[in-house]
Engineer: 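Have a look at the structure that comes next, please.
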Amino acid sequence: MNNSLSVEYALHSVSILAAIPPDMTVNVKQLAAFMGLAPSYLAKLFTQLSKAGIVRSSVGSKGGIKLGRPAEDISFYDVFIAVNGRKHMFQCSNIRAYTLGYEPAPGMCEIHEQMWEAEEKMYAHLRGVKVSSMAETIYAKLKPEERKERLEMLRQLTKP
């Protein structure tokens, strides 16, 4: 799976789950159809999100997928880490050992240090973005009739 697309699909999925009425249930197949994605691809993401406690699923006539905890308690960082894991985005192969100006020194090279700092700033930002506020922001851009129309589209997908 392409990680950037996986994170995008996961963030949109949880934002949709945060915005749908509490009495409405959808399954992964229906959500995938609503988003125009392959159900198998989305199912893999939901396995990761479920392991992280971000979503939960239930079986039965009222079964489906829901957020595993309140949307205000789920950050973009939580979703990002559930999908990508906590591996560093920049891998240092110590190329500095072969370049001009190299002085043997302990610790990270200067480039690795800058990339590490940028990553930490990104993670701090993602921790501050909550799924609840993003869902509100996204759906506030829709006119009331557009919200109704999209919810109705999703409801039609949930009918047997």
Side-chain angles (χ1 to χ4, degrees), residues 1-92 112 114-160:
M1 285 198 285
N2 179 322
N3 284 334
S4 63
L5 283 178
S6 297
V7 170
E8 178 187 1
Y9 297 160
L11 289 169
H12 278 281
S13 295
V14 297
S15 295
I16 290 168
L17 292 177
I20 63 174
D23 63 327
M24 187 174 176
T25 56
V26 296
N27 61 38
V28 172
K29 187 176 178 182
Q30 293 159 333
L31 187 58
F34 184 64
M35 295 172 65
L37 304 175
S40 59
Y41 188 91
L42 200 57
K44 288 178 187 178
L45 286 176
F46 270 82
T47 298
Q48 294 168 298
L49 294 170
S50 179
K51 285 180 183 177
I54 294 169
V55 298
R56 62 181 168 76
S57 60
S58 57
V59 294
S61 61
K62 293 283 187 184
I65 50 174
K66 296 229 180 240
L67 294 179
R69 54 187 192 260
E72 53 274 358
D73 294 341
I74 303 170
S75 70
F76 272 32
Y77 175 82
D78 298 329
V79 176
F80 182 91
I81 294 301
V83 172
N84 280 343
R86 184 58 165 100
K87 55 187 177 255
H88 293 288
M89 296 183 309
F90 179 79
Q91 301 300 315
C92 184
H112 190 178
Q114 292 302 310
M115 295 302 290
W116 187 295
E117 184 178 327
E119 181 179 306
E120 289 305 314
K121 286 179 180 179
M122 180 190 81
Y123 287 152
H125 176 76
L126 292 176
R127 283 184 191 98
V129 181
K130 302 298 180 187
V131 168
S132 57
S133 62
M134 186 55 58
E136 289 169 14
T137 299
I138 291 168
Y139 294 100
K141 292 181 179 183
L142 296 173
K143 295 175 186 166
E145 60 272 10
E146 291 172 318
R147 280 186 226 137
K148 285 180 187 176
E149 180 182 301
R150 294 200 187 171
L151 273 176
E152 189 53 36
M153 277 175 41
L154 187 54
R155 280 192 213 302
Q156 292 301 317
L157 291 171
T158 62
K159 290 184 178 175

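All residue numbers in this chain count up from 1 along the given sequence.
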Engineer: Can you sort out the partners of Glu120 under salt bridge (Lys or Arg N to Asp or Glu O under 4.0 Å), two or more places apart, ordered by chain and number?
Structural biologist: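 Applying salt bridge (Lys or Arg N to Asp or Glu O under 4.0 Å) to Glu120 gives Arg86.
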Engineer: Work out which heavy atom in Ile54 is nearest to a heavy atom in Ala82; give both atom names and the distance.
Structural biologist: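 The answer is CD1-CB, 3.8 Å.
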Engineer: Where is the tightest heavy-atom contact between Leu157 and Gln30, given as atom of each residue plus distance?
Structural biologist: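 In this case the closest contact between Leu157 and Gln30 is O-NE2, 3.0 Å.
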Engineer: List in chain and number order the residues that pass ring-ring contact (aromatic ring centres under 6.0 Å, His included) with Phe76, two or more places apart in sequence or in another chain; answer none if no residue qualifies.
Structural biologist: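 ring-ring contact (aromatic ring centres under 6.0 Å, His included) check on Phe76 returns nothing, list empty.
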Engineer: Residues two or more places apart in sequence or in another chain: which of them pass side-chain contact (heavy atoms from CB on, under 4.5 Å) with Glu136?
Structural biologist: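 By the side-chain contact (heavy atoms from CB on, under 4.5 Å) rule, Glu136 matches no residue at all.
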Engineer: Between Glu72 and Ser132 (side chain of the first, backbone of the second, donor and acceptor by atom type, cut-off under 3.5 Å), is there such a pair?
Structural biologist: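 Not confirmed, Glu72 side chain does not pair with Ser132 backbone.
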Engineer: Given 3.5 Å as the limit, does a donor-acceptor pair link the side chain of Arg56 with the main chain of Lys66, or not?
Structural biologist: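 Side chain of Arg56 to backbone of Lys66: no pair is present.
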Engineer: If the condition is ring-ring contact (aromatic ring centres under 6.0 Å, His included), which residues does Tyr77 pass it with, not counting sequence neighbours?
Structural biologist: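 Partners of Tyr77 by the ring-ring contact (aromatic ring centres under 6.0 Å, His included) criterion, ordered by chain and then number, come out as Tyr123.
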Engineer: Holding to side-chain contact (heavy atoms from CB on, under 4.5 Å), I want the full list of residues that pass it with Ala38, two or more places apart in sequence or in another chain.
Structural biologist: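 Once residues adjacent in sequence are excluded, the partners of Ala38 under the side-chain contact (heavy atoms from CB on, under 4.5 Å) criterion are Ser40, Tyr41.
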Engineer: Using modelled atom types only, decide if a donor and an acceptor are shared between the side chain of Thr47 and the backbone of Ala43 within a distance under 3.5 Å.
Structural biologist: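 Side chain of Thr47 to backbone of Ala43: a pair is present.
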Engineer: In chain order, what residues pass the side-chain hydrogen bond (donor to acceptor under 3.5 Å, both in side chains) check against Glu117, with sequence neighbours excluded?
Structural biologist: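 side-chain hydrogen bond (donor to acceptor under 3.5 Å, both in side chains) list for Glu117, sorted by chain: Lys121.
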Engineer: So, using side-chain hydrogen bond (donor to acceptor under 3.5 Å, both in side chains) as the criterion, who are the partners of Lys143 when residues are at least two apart?
Structural biologist: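 Lys143 satisfies side-chain hydrogen bond (donor to acceptor under 3.5 Å, both in side chains) with no other residue.
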Engineer: With sequence neighbours excluded, tell me which residues meet ring-ring contact (aromatic ring centres under 6.0 Å, His included) with Tyr139.
Structural biologist: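 ring-ring contact (aromatic ring centres under 6.0 Å, His included) check on Tyr139 returns nothing, list empty.
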Engineer: For the CD1 atom of Ile138 and the NE2 atom of His12, what is their distance to the nearest 0.5 Å?
Structural biologist: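 Reported value, rounded in 0.5 Å steps: 6.0 Å.
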Engineer: Going by the rule side-chain contact (heavy atoms from CB on, under 4.5 Å), which residues pair with Lys148 if we only count those two or more places apart in sequence or in a different chain?
Structural biologist: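 Not a single residue meets the side-chain contact (heavy atoms from CB on, under 4.5 Å) criterion with Lys148.
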Engineer: Check side-chain contact (heavy atoms from CB on, under 4.5 Å) between Pro22 and all other residues, then give those that pass, not counting sequence neighbours.
Structural biologist: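 Applying side-chain contact (heavy atoms from CB on, under 4.5 Å) to Pro22 gives none.
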Engineer: The criterion is side-chain hydrogen bond (donor to acceptor under 3.5 Å, both in side chains); which residues satisfy it with Gln114, sequence neighbours excluded?
Structural biologist: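 side-chain hydrogen bond (donor to acceptor under 3.5 Å, both in side chains) check on Gln114 returns nothing, list empty.
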Engineer: With sequence neighbours left out, write down each residue that passes side-chain hydrogen bond (donor to acceptor under 3.5 Å, both in side chains) with Arg69, or none if nothing qualifies.
Structural biologist: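 Partners of Arg69 under the side-chain hydrogen bond (donor to acceptor under 3.5 Å, both in side chains) test: Asp78.
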